[in-house]
Amino acid sequence: MLDVSYLRKKRHVLEEALRKRGYSLAILDELTEIDARRREIITKANELRAKKNEISKKIGELRRRGEDASHLMEEAKKYDELLSELKEKEKEYDRKFWDLWGYVPNIPHESVPVGPDESANVVVREWGERREFRFTPRPHWDIAELLGILDWKSATEMSGSRFVTYRGLGARLERALINYFLDTHTKNGYTEIFPPILVKPEALYASGHLPKFHEEMYYINEDNLYLIPTAEASLANLHRGQVIPEDKLPLYYVAYTPCFRREAGSHGRDVRGIIRMHQFNKVELFKYTKPEESYEEHEKMVQDAERILQALGIPYRVVLLSTGDMGFAAAKTYDIEVWAPGLGRWLEASSVSNVEDFQARRANVKLKRKNGKTEYVHMLNGSGLATPRVFIAILENFQQEDGSVVIPEVLRPYMGVDAIRPE
RNA sequence: GGAGAGGUGGCCGAGCGGCCGAAGGCGGCGGCUUGCUAAGCCGUUGAGGGGAGCAUAUCCCCUCCGAGGGUUCGAAUCCCUCCCUCUCCGCCA
């Protein structure tokens with residue numbers, strides 16, 4: 001959520017932000033109208049309340065002296081009728097306003113390329129050499145089939161499409177990735193967290209996933225809880241309502257969690273393999289920083305994710321997302337895409353965003369300066385990394401002609417083998 | 001799941017219908033002291049919103065004592081619902 005003063009005092013900034021993102025500006029007119037009405041009502045109600053409070057105070061004084069106050073009590077009652085109506089309206093407009101304000105996205109940082117969609121994204125750098133194959137590289141689902149490490153039949157039978165069962169060294173590889181990621185990041189100063197995976201709606205409002213993305217998440221009506229779509233949702237709530245002394249910042253967190261997404265809008269897309277799953281594993285990085293340091297920390301976070309791919313030897317590129325492709329809460333986002341030779345395309349394995357104070361405002365996380373002043377912290381999140389796409393990249397990049405897959409050096413201690421071979 | 005206790009400012013903690021945005025302590029900030037010295041003394045110190053204002057200066061008002069309702073002229077204080085914490089019992093990986 002943005003600071004409301006943008007609507008009143010810096011409307012041009014908002015307009016520009018919405019235009020850059022390709023959003024309609026209509027919402028601003030609606031907001032302005034509701035806001036004007038809302039303030040009108042608040043002002044009126046406050047005046048009435050002030051008068052009524054005054055009378056009540058007098059009654060108190062009279063009563064204490066043991067004098068009669070019935071005439072004043074009559075007068076006070078008159079205000080009740082006037083107020084009760086206004087109070088209803090006040091609530092109504094307040095709710096309307098804040099609900100709608102929740103649909104206003106974050107303002108893109110000035111360094112973000114402007115464009116309608118991913119076509120305007122900018123490749124910032126590319127790492128590693130894409131391997132030349134002497135044979136036609138297979139897509140990961142064929143390799144997995146040969147190796148017997150992914151079992152689609154059991155998963156679809158027990159859970160449906162977009163679920164998979166990892167088997168044998170496949171399950172082992174998944175676990176190895178999670179552990180390797182966690183071990184690497186904790187060595188780099190991130191504190192490991194294992195958060196709840198079911199969270200309350202309030203938590204998702206704070207992270208910015210609600211109200212907009214209800215449809216994208218699994219919701220358990222019985223208990224009013226959501227399955228998290230990413231650990232970001234949990235980590236953004238780690239310090240809810242807290243005031244953090246500035247010398248404690250920045251805070252670095254890393255968390256492994258499964259993630260759950262309904263993928264409601266992507267029927268028919270990426271249906272084969274493990275590119276797009278309802279349930280997948282991800283190791284998430286998260287930072288709480290001072291506002292003036294967040295962009296520097298953003299760059300560092302991208303590099304922390306990149307280092308993992310470098311150690312694994314997977315070719316990748318870093319893409320700066322354009323205004324039209326960026327997420328709702330983000331002010332600036334880099335994607336890290338791994339090369340998948342079997343598919344012949346780049347796959348997003350990480351998305352690293354600076355949301356500035358967008359989440360902090362709703363989660364109410366502040367920092368206290370040395371001079372006693374408080375302000376909202378900046379929050380950053382990034383995958384470090386999502387396992388399925390790294391899993392794919394390993395299979396496809398390190399496949400041999402006979403279908404076996406060579407395990408990267410750094411994973412061997414976790415795997416216990418140097419290759420996965422056909423059964 | 002059952003029985004009970006409780007949720008108050010950055011933290012601890014008093015208050016249990018009006019004089020309470022809230023005693024006291026700790027912490028923070030400012031100052032004084034420098035023979036009680038890893039101290040003492042004095043002062044100061046919550047958040048959000050609305051209005052006036054060039055103003056992130058200042059002033060006025062409203063709201064906030066877990067959240068949401070209710071009773072009352074008036075609620076931190078009384079009633080209801082929900083959330084959370086703790087204790088005991090039950091169940092259980």
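First the proteins, then the strands, lettered A, B, ... as listed; each starts at 1.
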Report task. Quick one: which residue pairs count as a salt bridge (charged side-chain N to carboxylate O under 4.0 Å, His left out) with a foot in residues 407-418 of chain A, not counting sequence neighbours? Result -> A/E409-A/R412, A/D418-A/R421
Report, one line per pair, each donor and acceptor closer than 3.5 Å where one atom sits in a side chain of residues 228-235 of chain A; sequence neighbours left out.
unit_1 : atom_1 : unit_2 : atom_2 : d
A/T230 : OG1    : A/E232 : N      : 3.0
A/T230 : OG1    : A/K282 : NZ     : 2.7
A/E232 : OE2    : A/Q359 : NE2    : 2.8
A/E232 : OE2    : A/N381 : ND2    : 3.3
A/S234 : OG     : A/P196 : O      : 3.0

Query raised in the report: Taking the C1' atom of each, how far is B/G53 from B/C12, in whole Å?
Result: 40 Å
Requested in this report: Using the P atom on both, measure B/U87 against B/G31 and round to a whole Å.
Outcome: 46 Å
**Report entry** salt bridge (Lys or Arg N to Asp or Glu O under 4.0 Å) partner of A/K287, the single match among A/E297, A/E299, A/E293
**Finding:** A/E297
Report task. Name every residue in residues 27-35 of chain A that has at least one heavy atom under 4.0 Å from any atom of RNA chain B, in order of residue number, or write none if there are no such residues. Result -> none
Query raised in the report: In residues 39-58 of chain A, what residues come within less than 4.0 Å of RNA chain B, judged by heavy atoms?
Result: A/R39, A/I42, A/T43, A/N46, A/R49, A/A50, A/K52, A/N53, A/S56
Query raised in the report: Would the number of heavy atoms belonging to other residues, nucleotides or ligands and lying under 6.0 Å from CD of A/E110 be above 12?
Result: no
Query raised in the report: Going by the angle between their ring planes, with limits at 30° and 60°, are A/F163 and A/H278 parallel, tilted or perpendicular?
Result: tilted
Report task. Please check the phosphate of B/C73 (OP1 and OP2 only) for any side-chain N or O of A/K77 closer than 4.0 Å. Result -> yes
Report summary line: Counting only Watson-Crick and G-U wobble pairs with both atom distances below 3.5 Å, the stems of 3 or more consecutive pairs that include RNA chain B are B:1-7 with B:83-89, B:10-12 with B:24-26, B:27-32 with B:40-45, B:46-52 with B:58-64, B:66-70 with B:78-82
Less than 3.5 Å apart, which donor and acceptor atoms pair up between the side chains of residues 76-90 of chain A and the rest of the protein, not counting sequence neighbours?
unit_1 : atom_1 : unit_2 : atom_2 : d
A/D80  : OD1    : A/K52  : NZ     : 2.5
A/S84  : OG     : A/D80  : O      : 3.4
A/S84  : OG     : A/E81  : O      : 3.0
A/E90  : OE1    : A/R49  : NH2    : 3.1
A/E90  : OE2    : A/R49  : NH2    : 2.9

